[in-house]
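Just so it is clear, the structure is predicted and the values come from calculations on it, not from any experiment. Chain A is the first sequence line, chain B the second, and so forth, proteins listed ahead of strands; every chain is numbered from 1.
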Amino acid sequence: MIKEILKNSINNCIDTLNLENNNKFNVEVPNNKNHGDYSTNVAMVLSKLNQRKPRELAEEIKTELLNDAHIEQVEIAGPGFINITLAKSLFQELLYDILKAKADYGTTQHGAGKKILLEFVSANPTGPLNIVSARAATYGDTLYRIMNKVGYEAKREFYVNDAGNQVDILAESLELRLRQVRGENIGEFPVEAYHGEYLVEMADELNSNEGNRLLMLPEKDRIEKLKDYALNSIHEMQLNSLEKYDVEFDNWVSEKKLRNQGVVEEVLSFLAEAECTYEKDDAIWFSSSKYGDDKDRVLMKADGSITYFVPDLAYHLTKYQRGFDYIIDVLGPDHHGYVPRLKAAIKALKYDEEKLEVVFLQQINLFEDGEKIKMSKRLGKIITMDDLVDEVGKDVARFFFIDRRTNAHLNFDMDLARKQSDENPVYYIQYAHARISSIIKKARKEHEIRIGKPSRTACNFLNEEAEIELMKKLIGFPQLLESVADTREPHRLATYVFELAGMFHKYYAKHKVIDEENIDVTKGRLFLITAVKNVLAIALDLLGVNAPDRMKKTSAAKGAKKKTPTKKSKEK
RNA sequence: GUCCCCGUAGCUCAGUUGGAUAGAGCGUUUGUCUCCGGAACAAAAGGCCGUGCGUUCAAAUCGCAUCGGGGAUACCA
């Protein structure tokens, strides 16, 4: 917000000075405090265009800028940077605005109501959600929340591959388990079958209800029944896990239903009409290499069945038909070879392939006791999303997953996640929120200081450097959210909250909020920390993490308290 | 072979899309409590931003090359 205002006044300066302008300069917060509140490179960027020396240009712009009432000081440094120091009153004014906005702070119209479709998780309906899904759920849901906050109209969608080969295997696996439960000897459990314990439990339940009846049905009906049963139970399981994780979907799309609507035939004929299919080796191929893929792909196999690509393409066409401005797919790293053919088909069918964005989440390594935990799907030895949430809690899991860039591998340290102590960043942040609540409560109960409605004059008593720094951080929040939404990089919000919490803890250690001798300053400070609390709460909510007013005391925390003094006394 | 991602402090990672002296947390070392909750704070040590060349006023950031790590390359889904 401030950046925009400054950019405008700089543009005005350039106009009054009659200089050529290519609008390529930027305004930013310098990482060195001695360089002012904001800094711009205009003079350097425009020097060539105007055939002038950067520092000379800077001098002229400086004189113009000083006419602005909000600008207190302008300095020229280095090769031609213009460093701007703003008046404290401006920050105080903006703090007052944050207090008035309350929970709506950061809500903007930036996205202009553009429609966004986020597809994520879309795990196979053949078993419980695992930690890969947990990362995808965290990413998709957090991005969804942030995008809606800044004025986009985003929707969350889950695509269920409830048709095809794997589902047949699922039904067969369940039948084997059912026979096993009933005491039949089925021999070795097949390698390609699903080995997870959940199918045994499902078989148990099924047996006690309708086991006899089921096995008397003709094979075809029996498999269909088992399939439906398995799909429904697993869907319930997944829904349940997601609910515990505070992730909801606006829409579930079933592949089976799509197929029944005849979209498969439709897509095949569309592609044929576009003249990009051919027959070879008894199969039907899509000449995707003409549209940027490395090689051509099979649409219909020699045995007459279709490849998974066809219904998936059909599904993506429905996304286009539903009129979204951006279509975002969140996929695992093993799918990246798949995107070129999808985009190729979209291009071939004359849709705008630029609308489709794909975000890849890299793999996750779980670490325990410094060792990588090995997982094997075949042996049914996987760590599920439920295991993880039960173990470390939703707040910690979500924060750990969102904290990293998407295209980096994620090392998840179980030991650190389990620790309810100072090493765990989640508690550090939550503690900042709880601490503020506690101070406000104390001011009210023990000192009878109530701040009531936001007061502009109270903000005038905030002049300490640390206070101005905090205000600056808070003021940057809306812009951060917009940038996070546009770059699809929610991890930056996690970094932001952590930094804000840190700034607060430092401020707290240095400056006392409550001072009965000086009620004016006390009120100003109470307003400031209220604003910090507000932003922490908004940010944590966007991350799907709780913002508690009180921390639960744990043995780990109590232990930490005694640690330092005893260390010292032992030494001496 | 081809394609994609990653190489930043001992470890795990940021780095505001090209800015000034590269930052956190953990770990290590040393400190701070008659304290508004110590799950906190202060300080020290720790770096050729994998390597080389290029682009320009300016490169951890962009381009090319190269080395190292991971992944993808089905008529599986």
Check: Considering only the P atoms, how many Å lie between rA24(B) and rG15(B), rounded to the nearest integer?
Finding: 15 Å
Next item on the list: Check whether any side-chain nitrogen or oxygen of Y38(A) sits under 4.0 Å from OP1 or OP2 of rU16(B), and answer yes or no.
Entry: no
Check: If only side-chain N and O atoms of R405(A) are considered, is one of them under 4.0 Å from the OP1 or OP2 phosphate oxygen of rG7(B)?
Finding: yes
Note to self: Check for me whether K7(A) meets the cation-pi criterion with F25(A), that is, NZ or CZ under 6.0 Å from the six-membered ring centre and within 45 degrees of the ring axis.
What the structure shows: yes
Next item on the list: Please state whether the base of rA20(B) and the side chain of N83(A) form at least one donor-acceptor pair under 3.5 Å?
Entry: yes
Next item on the list: Could you list the residues that satisfy salt bridge (charged side-chain N to carboxylate O under 4.0 Å, His left out) with K523(A), not counting sequence neighbours?
Entry: none
Margin query: Measuring only between side-chain heavy atoms, which start at C-beta, is E255(A) closer than 4.5 Å to Y308(A)?
Written below: no
Checklist line | K506(A): side chain to side chain donor-acceptor pair (under 3.5 Å) partners, not counting sequence neighbours | finding: none
Margin query: Tell me the interatomic distance from Y428(A), atom OH, to rU12(B), atom P, rounded to whole angstroms.
Written below: 22 Å
Check: RNA chain B: Y508(A) or K3(A), which has the more 5' nearest nucleotide?
Finding: K3(A)
Next item on the list: Kindly say if R404(A) contacts the phosphate of rC13(B), meaning a side-chain N or O under 4.0 Å from OP1 or OP2.
Entry: yes
Next item on the list: Evaluate the criterion side-chain hydrogen bond (donor to acceptor under 3.5 Å, both in side chains) for residue pair N161(A) and Q166(A); output intermediate values, then yes/no.
Entry: CA-CA 9 Å; N161(A) 293 110; Q166(A) 50 178 356; 4.8 Å; no
Check: What about H409(A), does its side chain sit under 3.5 Å from the base of rG69(B) through a donor-acceptor pair?
Finding: no
Item checked: Intermediate values then yes/no, ring-ring contact (aromatic ring centres under 6.0 Å, His included), Y496(A) and F477(A) -> CA-CA 8 Å; Y496(A) 175 89; F477(A) 183 61; 5.4 Å; yes
Next item on the list: Report yes or no: is the cationic atom of R435(A) (NZ for Lys, CZ for Arg) under 6.0 Å from the centre of the six-membered ring of Y508(A), at an angle within 45° of the ring normal?
Entry: yes
Check: Which nucleotide, in any strand shown, forms a Watson-Crick or G-U wobble pair with rC41(B), with both distances under 3.5 Å?
Finding: rG31(B)
Note to self: Is S438(A) close enough to rG37(B) that one of its side-chain N or O atoms is under 4.0 Å from OP1 or OP2 there?
What the structure shows: yes
Item checked: Distance test, side-chain N/O of N31(A) to OP1/OP2 of rA20(B), below 4.0 Å -> yes
Check nucleotides 75-77 of chain B for protein N or O atoms closer than 3.5 Å to its own N or O atoms and list the pairs.
residue : atom : partner : partner atom : Å
rC75(B) : O2   : A302(A) : N            : 2.7
rC75(B) : N4   : D281(A) : O            : 3.2
rC76(B) : OP2  : K301(A) : NZ           : 2.5
rA77(B) : OP1  : K301(A) : NZ           : 3.4
rA77(B) : OP2  : Y308(A) : N            : 3.3
rA77(B) : O3'  : Q166(A) : NE2          : 3.3
rA77(B) : O2'  : Q166(A) : OE1          : 3.3
rA77(B) : O2'  : Q166(A) : NE2          : 2.8
rA77(B) : N6   : Y308(A) : OH           : 2.4

Next item on the list: Take the protein atom CG of N424(A) and the nucleotide atom P of rA24(B), then report the distance between them rounded to whole Å.
Entry: 20 Å
Check: Is K295(A) near enough to rA74(B) that one of its side-chain N or O atoms lies under 4.0 angstrom from OP1 or OP2?
Finding: yes
